Amino acid sequence: MLGRLVTRFPRRMVSGSAVLFILLAGIAVTSIDALALSRFEAPESESVAARDFLGEQFGTSSPNVAVLVTAQDGDVDAPEVAEFGSELTETLADYPGVGDAWSYWSQNAPDSLASEDGRHALILAWVPGDADQVRGEVLPGIETDLLEAFGNPAVQVQLGGGDEVFRVVAEQSRTGFLRAELIILPLVTLLLWIMYRRAAPALVTLGVGLFSVVGTLAILRGISVFTDVSTFTANIALVMGIGLGVDYSLFMIYRFREELAAGRTVPDAVKRSIATAGRTVVFSGLTVAGSLSVLFVFPYPFLSSFAYAGIAVVITAVFGALVILPAALHLLGHRVARKTAPRTDERTFWFRLSSAVMRRPVAGGLLGVLILLGLGAPAFGISFGAPDDRVLPAGQPVRDMYDTIREDFETEDADALYAVTANATDEEITEYATELSEIPGVLRVDSATGTFADGSWSGEPGPFGPERFTDGEARWLAVVPTGERLAEDPGGLVADIRALDTPAEVMVGGYPAELADYRDGVIERLPLVAVLIFIVTFVVLFVMTGSVFAPVKASVLNLLSLSVMFGVLVWGFQEGGLAPLLGFTPTGAIEPSIPILMFCIAYGLSMDYEVFLLSRIKDDYHRTGDPVGSIPRGIARSASLVTGAALILAVSFAVYATSQVSFLQQLGIGMALTVAIDATIIRGLLLPASMRLAGGANWWAPAPLRRLHQRIGLSENGAASSTNCPLSEVNAIH
């Protein structure tokens, strides 16, 4: 029906799509400013409850804003600098939106708020509200209305804090999006022209990719009205919109060319392409969307944002490939056809390679597995940790500020942990604070009854005196870690504090605790994510192929391919192997959200090629009934298409290696490598070897599932039918 509609009204389809593109573009241009970079926090966790309790009960909480004050001459105790620091602290505390502020110059302030050489000192502040409010409204005002206007030639001031760090990360992400546009679009256009050798199909294909990008951004703009959508989704929309839009267009145009070469008229070739390659596009889209939709199991806006983006990309790319592109092909007609006849299957490199592997499937498969396992071996050393300012490169002002703090300060007071309780006496607090101060890696504990270090009382309460830490029976304590423990094992410190016996019910919060709760919440859902992805891809591939073996085999090959991605993440980013080339700072750990996001994207895109290859092999098997010969012929028929699509997608991802944010560098390098591995080692070695060893079992399913597939299964040749190879044929093959 869609084919008849497209061929009957092609001009209306194209003109209507052009109008739709303009409308979506108008919405899309507003989306970048509407996207946010959500905090790394776990809703309803202990750390968030502690933060909320502190804010409501005491009017303070973990500082998310910091100002580094540097004395140009002398030290921060000089009268002029001290006067400036005290006045700036009071002004910041009174600034609209700021809930609390304290500094080195506050009453009873700890010495750790100043650098060991005395040249620098910190002002810390707590700004309540969500990330959008703090980063979009309060921080810009503090920077322009306060710090720039509060000048003094004796000092230099620098704005920092966790929210400032990730405000800069968001800005760099937007900049990376614009830079990637300038690189990706002309590069993809050139590659498409090389593939097609014609300008018209190249431009139409790029147009479908752009429609997907614009449509996805417009959809995300609408979603952002109701929930937070991460800034990084714009980068995903660009690279996946171009990638899938181009991939699906290639599927359709290559089939359209085959139909024209077979002697069909242009309208019939369009209809046949929709009925055959169009089905493959739908199955591929379902696989990609299903893989990314499992991110909804994480109750974190940062990850669920990418589920929205993935589904939106698939919807717009499939619409472009099945509606806009066929109408354009109908109008272009033979201007899309090949200028020269393609080489026969037997003359191609991929036919010869897959045939050679199938003659020795055990050796070929073992070689492929050894290569992938060798490249993926570093993944066993993966270590998940918390992100900080070092996701930005050296030279960024906020990054340089924290380099100064790490080098010159005894610890980072902003990363203190907070223990809060609604019901405790001073005696209980003294006992609890004493025990907390004995935990390895704790520098001191500030409480209503004094400051404690190494199991002993060491001074009066911290900033503002005892009234800061008490409200009726409610109490809170600040547990300040040493710089070494904070750098080496912040999660372990959080666990040690929470494992301590408490005098009453205690909640532990603070930035390290929020990151630990977020990391633990992500990691504990990993098994569920893996199971859901397997179920989704199994169902889609079963409906397409009627085989039980094909989905299982595809999942195993995908996992082998993804092991390389994780191996490179560990070696290249966690251990710093790529640091000299890309210019980032390794921290010895990887933020867990990024590998999970990459896993879901890579799994879906790997299945994208798997779906297309299987559809070609299955189509040949339907034609010939040859379960062995159909494999190299199917691989060869898809060779130029898969190679070109993989090259374009890999290049699109690789562009993000130029980003100034290590998150995007990880995404770009990891995904480009996964696509390359999938299009070479998986396609050339493991796919033909595994299918040759399976023989007719490639298309086998138990009788109940076979009957189910006869009713619901769809193949690229348009038939709902069983594709099982008789047992006698399986035995004959082996």
Side-chain angles (χ1 to χ4, degrees), residues 32-41 48 51-52 54-55 59-70 84-85 87-103 113 120-151 155-176 224 228-232 234 301-302 386-393 395-405 412-415 510-511 514-515 660-661 663:
I32 301 299
D33 292 332
L35 303 180
L37 193 62
S38 304
R39 290 173 176 147
F40 293 94
E41 60 187 23
V48 170
R51 184 185 67 195
D52 293 343
L54 269 172
T60 191
S61 193
S62 180
N64 52 354
V65 175
V67 178
L68 180 68
V69 178
T70 301
F84 173 88
E87 185 178 351
L88 181 57
T89 303
E90 294 174 3
T91 305
L92 180 60
D94 294 334
Y95 190 82
V98 176
D100 191 19
W102 62 100
S103 73
L113 284 173
H120 313 280
L122 282 170
I123 302 173
L124 302 179
W126 167 62
V127 179
D130 59 27
D132 278 344
Q133 179 183 352
V134 176
R135 299 170 191 174
E137 300 174 16
V138 181
L139 283 177
I142 291 175
E143 186 173 38
T144 57
D145 301 339
L146 187 58
L147 299 187
E148 292 181 6
F150 220 76
V155 300
Q156 177 184 356
V157 294
Q158 173 63 52
L159 180 62
D163 276 307
E164 173 64 12
V165 168
F166 288 101
R167 180 170 77 111
V168 175
V169 170
E171 292 172 353
Q172 290 299 316
S173 175
R174 296 186 185 102
T175 302
S224 69
D228 287 342
V229 179
S230 171
T231 301
F232 285 132
F302 179 73
D388 58 25
D389 58 283
R390 286 171 289 184
V391 301
L392 295 168
Q396 281 286 341
V398 71
R399 162 66 191 275
D400 291 345
M401 168 182 164
Y402 279 99
D403 284 342
T404 298
I405 292 173
E412 295 184 47
D413 278 60
D415 286 333
Y511 189 58
E514 291 176 10
L515 293 175
Q660 297 294 298
V661 179
F663 289 161

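No experiment lies behind these values; they were computed from the predicted model shown.
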Expected output: side-chain [X] to main-chain [Y] donor-acceptor under 3.5 Å:
{"X": "Tyr402", "Y": "Gly161", "answer": "yes"}
{"X": "Tyr95", "Y": "Gly141", "answer": "yes"}
{"X": "Thr91", "Y": "Glu87", "answer": "yes"}
{"X": "Asp389", "Y": "Val165", "answer": "no"}
{"X": "Asn64", "Y": "Val127", "answer": "yes"}

Residue pair [X] / [Y]: nearest heavy atoms and the distance that separates them:
{"X": "Asp100", "Y": "Gly59", "value": "CB-O, 3.6 Å"}
{"X": "Val138", "Y": "Pro96", "value": "CG1-O, 4.1 Å"}
{"X": "Pro387", "Y": "Leu515", "value": "CD-CD2, 4.1 Å"}
{"X": "Pro140", "Y": "Val134", "value": "CD-O, 4.3 Å"}
{"X": "Gly55", "Y": "Trp126", "value": "CA-CH2, 3.7 Å"}
{"X": "Pro128", "Y": "Gly99", "value": "CD-N, 3.6 Å"}

[X]: partners by salt bridge (charged side-chain N to carboxylate O under 4.0 Å, His left out), with sequence neighbours left out:
{"X": "Glu412", "result": "none"}
{"X": "Asp403", "result": "Arg399, Arg406"}
{"X": "Asp163", "result": "Arg39, Arg135"}

Got [X] and [Y] here, is their nearest side-chain heavy-atom distance under 4.5 Å?
{"X": "Leu122", "Y": "Met401", "answer": "yes"}
{"X": "Val398", "Y": "Leu159", "answer": "no"}
{"X": "Leu124", "Y": "Val65", "answer": "no"}
{"X": "Leu113", "Y": "Ile123", "answer": "no"}

With [X] via side chain to side chain contact (heavy atoms under 4.5 Å, CB included) - residues at least two apart:
{"X": "Ala34", "answer": "Arg221, Ser224"}
{"X": "Gln133", "answer": "Asp130, Glu137"}
{"X": "Thr70", "answer": "Leu68, Arg119, His120, Gln156"}
{"X": "Thr175", "answer": "Arg179"}

(request) State which residues pass ring-ring contact (aromatic ring centres under 6.0 Å, His included) with Phe663; sequence neighbours excluded, sorted by chain then number. (result)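 Testing Phe663 for ring-ring contact (aromatic ring centres under 6.0 Å, His included), a comparison that skips the adjacent residues, returns Phe232.
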(request) Applying ring-ring contact (aromatic ring centres under 6.0 Å, His included), name anything that partners Phe84, two or more places apart in sequence or on another chain. (result)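 For Phe84 the ring-ring contact (aromatic ring centres under 6.0 Å, His included) partners, ignoring immediate neighbours, are Phe150.
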In Å, rounded to the nearest 0.5 Å, how long is the span from [atom1] of [X] to [atom2] of [Y]?
{"X": "Leu392", "Y": "Phe166", "atom1": "CG", "atom2": "CZ", "value": "8.0 Å"}
{"X": "Gln396", "Y": "Glu171", "atom1": "CD", "atom2": "CD", "value": "8.5 Å"}
{"X": "Ile405", "Y": "Asp400", "atom1": "CD1", "atom2": "CG", "value": "11.5 Å"}
{"X": "Ser103", "Y": "Leu92", "atom1": "OG", "atom2": "CG", "value": "9.5 Å"}

Just to verify, what does [X] make a side-chain hydrogen bond (donor to acceptor under 3.5 Å, both in side chains) with, not counting sequence neighbours?
{"X": "Glu41", "result": "Arg51"}
{"X": "Ser62", "result": "none"}
{"X": "Glu164", "result": "Arg167"}

